[in-house]
Peer 1: 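Before I ask anything, here is the structure I am working with.
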Amino acid sequence: MAINDDSPYRKAAAKLPVHFASVPRKRRALLLAVLLAITIFVLFKLITPSQTLLFFLFSPDIAGPYGEHSSSSPSFGAVKNQHVNDILQFIDPLIGTTNGGHVFPGATLPYGMAKAVADVASPAENAAGFVSDDNPITGFSHMHDSGTGGQPSLGNFPLFVHPGCIDDDYTKCDFSLHERPLKRVPGSVYASPGYFTVNITNGVRAEMTTTHHSVLYRFSFPGTEEVHYAKGVAPYSPLILIDLVDLMNSRSMGGIQVYPETGRIVGDGRYTPSFGSGHYHAFFCADFKGAKFRKTGTFVENNATDGKQFLGGVGSGYQVPRGSAGAWIQFEKPDEEMKDSILARVGVSFISVDKACENAESEMEDWDFERVERDAREAWREKLDVVRVDARGTSEELQTTFWSGLYRTLLSPQNYTGENPLWNSSEPYFDSFYCIWDSFRAQHPLLTVIDPKAQTEMIRALIDIYRHEGKLPDCRMSFCKGYTQGGSNADVVIADAFVKGLTADIDWKTAYEAVLSDAEIEPQNWGLSGRGNLVSWHDRGYIPWNDVDKNGTGPASRSISRGVEYAYNDFCISLLSQGLSNSPSLLGAPSTSEVVDSSYHPNISTPWTSLTTDHTKYHHRGANWRNYWNPSAKDLFRDRSFSPPPEVDSLSTPLSSQNASSIPGYILQSPFVGFLQPRTLSGTFRYHPTRTCSPIQNQHSCYYDTSLDVYEGSPWLYSFFAPQSMSTLIQLMGGPDTFVERLEYYHQSGIAYMGNEQSFLTVFQFHYAGRPGLSSKWLRTYIPQMFNASVNGIPGNDDCAMGAFTTWGMGLGGFPVAGQDVYLIVPPFFREVKVRAGVDLKSPSPLSPDSKKAKWAVIRTVNFDNAEMQGDGTPVYIQSAKLNGKRYTKNWITHEFFEQGGLLELVVGPEEDTGKNGWGTNQQDLPPSYYEDEKFWEEWERMDRERTERWKEEEEEKAKEGGNEVDDGY
Ligand SMILES: *[C@@H]1O[C@H](CO)[C@@H](O)[C@H](O)[C@H]1NC(C)=O
Ligand SMILES: *[C@@H]1O[C@H](CO)[C@@H](O)[C@H](O)[C@H]1NC(C)=O
Ligand SMILES: *[C@@H]1O[C@H](CO)[C@@H](O)[C@H](O)[C@H]1NC(C)=O
């Protein structure tokens, strides 16, 4: 069988797949030795006192058994009962695989590039491949993204398996994406870290497990001599196909080759990313083991042939630019010792077919399904071992909610180090930042605590992306730029690491340049990175609703939400300027700040003078959120119980105060006055309905590019976003009591939407008004009502960030205010939790593997039993607290606790004490606000008045000259 001359995959053919039986003696001996070593190692592990025990021996101040649950390992695979204390039994990867959670539930490693699962034909739901519903399965593919809200991502090169073809005629098997899908066998789906299995209704059971860049599938057959279908009888002779499609059906180029002598199939394709622009190129290399080959060939749609072993993609003139095209192999019955199963080993790569083959060969030379699964489970155990809980008294459902959430935050960003085709670099490369707009708030701060090594590598990857592409990404996937949803929030991720002391191994000079570039230099397409409307932002301190941006293009809407995020990004840059001027060595400068101020200069054209002036400049810009504050904006909404007069029946009729008074009884007004509102070029405000884009009013009207001034959230929501300046915001909202009333109303009224990450912080902002108990109360309403252990236990698409909400809220004793060294304390849902990833940042090489030496940070809930902590919504209030044995009244802690270890004891009870002796209620107990200088605001108000006067005159001048007429309201 000649290899088609067109085939570009010559080198791959040279390497024959390794068949176990044909392994030379010497190698067999080596394998045996390795197996022996593994056995000894496992035995050794069993007889060594467990880490838990060691821990108790050496940490006398911490009581309570951890991980005492005896394990019945839930895997259907051969790994059974290997570990007592198995935390993996509390991880259900299927949580969030329906109702828009878009969670990837398949087999993978922490940050793994290979992510194998069954793909389901569920249009709006299958962004991550699998969906817990009734729709048929289209194949098994090797790469996915978890939790995205964009288009279905990756899912390239799916395999599909038939036990045989009708009349033993391969052309009668179903090949195409339209013909081949089959339903799953009810109750056959099982997922656990590193493992996924499902049976499909042709009798095939598919199991999968992964290493970093390869997947091992085990397809098992009923073992009967024939399979009966409605259309006929198929003798037992399995056929496995590989299709060049992806989940989105976006292929624009590609090819595939099957080598009849070895059964190897290799191929590639060019595809489009899920929520971004451009293309990426992916490669695979598949080998099979367990049965002799009978026939091989290719197919286009449902037409299969054994006459052609190579297919060129659209580039070589195929009729089907999209849709099914691939290769197939038909096998004899599996070999005796394979027990009616065939193994498929698929390596993937973004570099080349050869790299894909290398990945598979080096990671799975042994073809040992159990070994790969065991290693994957061990990798997860090790990763998760940085958190331990004393779960006595906490329901299994809550434990599952907690551990599964933590697990999901480690699915992405994915480690593509060594797989980046775009540039040569010795820096790490991570991808699938989905999007930083979502993940900067809770997920990255979580990684800073539990996996500082990974967080450091991710930041280095972001900086390397800046180096080579000129901007930090906001969203990024599959080597492509993703769409920017608001600000340039990588600035926050970088500042967050910095203020928490995670500075080792990071090139701060370039990091600082990168954030300055976001703040100062508008890219041509700011829909894909950086910021837009920068001239107005710099000159006016807000993005006018009717701004004219001559320097770049992007979705010019969202003036409020982009504005408040730009302000917060700038505030975070001000923290970085300040921090770097205090640590000049991080910029490679001598050790005094004067020297760094005069000798350091960023390598970009910004109006730069010194770190000190930068600090002041960005601190000022950090106050710009206030430019959107319209103190007289009213909260108007429809009375749904009132049937409207016909003339205002259309939902698109904008509300205005005029409408309100003219239709008495129809338009209602809440008592809350003052909201962030869009502003015009002349400085006046426009009315933007305050509830639009919330679940109770036109929720789906403000996605990517609309005419609205907010993004995926209402002005109600965005009006709370001033984490840098909460005391000012509280004053503007009428003082702490009114603020608390407003925030409670927001959570009660249905305006809050917990399915999107911007809502996270609003649960905890009661802290700023001296009512930390209400944060705990609302947290315990949302968990478990909206965040729980059911398949739809996530209120919105996961983004690998929803789990960070539960991890912080349930376990780590506080919620991060990303970008600041601040965690808002809430009592855990456990008797006791300890966290140990804090590396000792003061040691010379803090990120070395010795990080295990780091100390535990322990959060203990005192009176746990009395407080009915079962997660039934019963509020739990902190009565008093101790940090390392000393009374602690602040309602927030800093990163030092996690980094240095310590003991935080929270005495809880069923009543909230709001009095003077209440915990965390006094002025000096509140988290920091960075704009408390009254002079600052006096000056700000004076300038604002003057500027507004001036702009008004300018606009009137223009109007007189026959220019734009400025619309001053809906
Ligand atoms: C799935 O298939 C396997 C192997 O054929 C079989 O042992 C198992 O019982 C099936 N599971 C279900 C739920 O049908
Ligand atoms: C499949 O083959 C048939 C018969 O040769 C042909 O008419 C049809 O166009 C082919 N379909 C595709 C999608 O190539
Ligand atoms: C990422 O992958 C590289 C290369 O395989 C590896 O050296 C590094 O340790 C990985 N990083 C993390 C955080 O797993």
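Order of listing sets the numbers, starting from 1, for every ligand and every atom in it.
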Peer 1: Could you go through the salt bridge (Lys or Arg N to Asp or Glu O under 4.0 Å) check for D438 and R441 one step at a time?
Peer 2: CA-CA 7 Å; D438 301 282; R441 304 163 200 269; 6.0 Å; no
Peer 1: Provide, to 0.1 Å, the distance between atom 7 (O) of ligand 1 and the closest protein heavy atom, together with that atom's residue and name.
Peer 2: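 Ranking protein heavy atoms by distance from atom 7 (O) of ligand 1, first comes R205 NH1, 5.0 Å.
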Peer 1: Is any NZ, NE, NH1 or NH2 atom of the basic residue among R294 and D168 found under 4.0 Å from an Asp or Glu carboxylate oxygen of the other?
Peer 2: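 Result for this pair is yes, salt bridge flagged.
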Peer 1: Closer than 4.0 Å to some heavy atom of A454 - which atoms of ligand 3 meet that?
Peer 2: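 Checking each atom against A454, I get 13 (C).
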Peer 1: Report the C-alpha distance between D145 and K115 in whole Å, list the side-chain angles of each, state the deciding distance to 0.1 Å, and finish with yes or no for salt bridge (Lys or Arg N to Asp or Glu O under 4.0 Å).
Peer 2: CA-CA 8 Å; D145 276 316; K115 283 188 159 48; over 6 Å; no
Peer 1: Go through ligand 1 atom by atom and flag the ones less than 4.0 Å from a non-hydrogen atom of V185.
Peer 2: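 Those atoms are 14 (O).
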Peer 1: Quick one: look up the protein heavy atom nearest atom 2 (O) of ligand 1 and list residue, atom name and how far away it is.
Peer 2: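 Sorting protein heavy atoms by distance from atom 2 (O) of ligand 1 puts N199 ND2, 2.3 Å first.
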Peer 1: Can you find a protein heavy atom closer to atom 11 (N) of ligand 1 than 4.0 Å?
Peer 2: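 Yes; the ligand atom in question has protein heavy-atom contact below 4.0 Å.
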Peer 1: Could you identify the single nearest non-hydrogen protein atom to atom 9 (O) of ligand 3 and state the distance to 0.1 Å?
Peer 2: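 The closest one turns out to be K453 NZ, 3.2 Å.
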Peer 1: Does the protein put a heavy atom less than 4.0 Å from atom 5 (O) of ligand 3?
Peer 2: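 Not a single protein heavy atom is under 4.0 Å away.
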Peer 1: Run the salt-bridge test on R381 and D86 with the 4.0 Å N-O cut-off and return the result as yes or no.
Peer 2: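 Here R381 pairs with D86 in a salt bridge, since their nearest N and O are under 4.0 Å apart.
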Peer 1: Tell me which one of F284, F283, F479, Y429 satisfies ring-ring contact (aromatic ring centres under 6.0 Å, His included) with F350.
Peer 2: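 With F350 as partner, ring-ring contact (aromatic ring centres under 6.0 Å, His included) holds for just one option, F479.
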Peer 1: Specify the protein heavy atom at minimum distance from atom 13 (C) of ligand 3: its residue, its atom name, and the distance to 0.1 Å.
Peer 2: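 The answer is E457 OE1, 3.5 Å.
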Peer 1: Regarding atom 3 (C) of ligand 3: of the candidates N415, T456, D451, L447, which has the closest heavy atom?
Peer 2: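 Of the listed residues, N415 has the closest heavy atom.
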Peer 1: Can you list the ligand 1 atoms lying under 4.0 Å from a non-hydrogen atom of S188?
Peer 2: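 Result: 13 (C).
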Peer 1: For the side-chain contact (heavy atoms from CB on, under 4.5 Å) test, which of L343, I342, T197 pairs with R218?
Peer 2: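 By the side-chain contact (heavy atoms from CB on, under 4.5 Å) criterion, R218 pairs with just one of L343, I342, T197: L343.
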Peer 1: Does the side chain of W437 pick up a donor-acceptor pair with the side chain of D799 at under 3.5 Å?
Peer 2: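 Looking only at side-chain atoms, D799 and W437 do not form any donor-acceptor pair under 3.5 Å.
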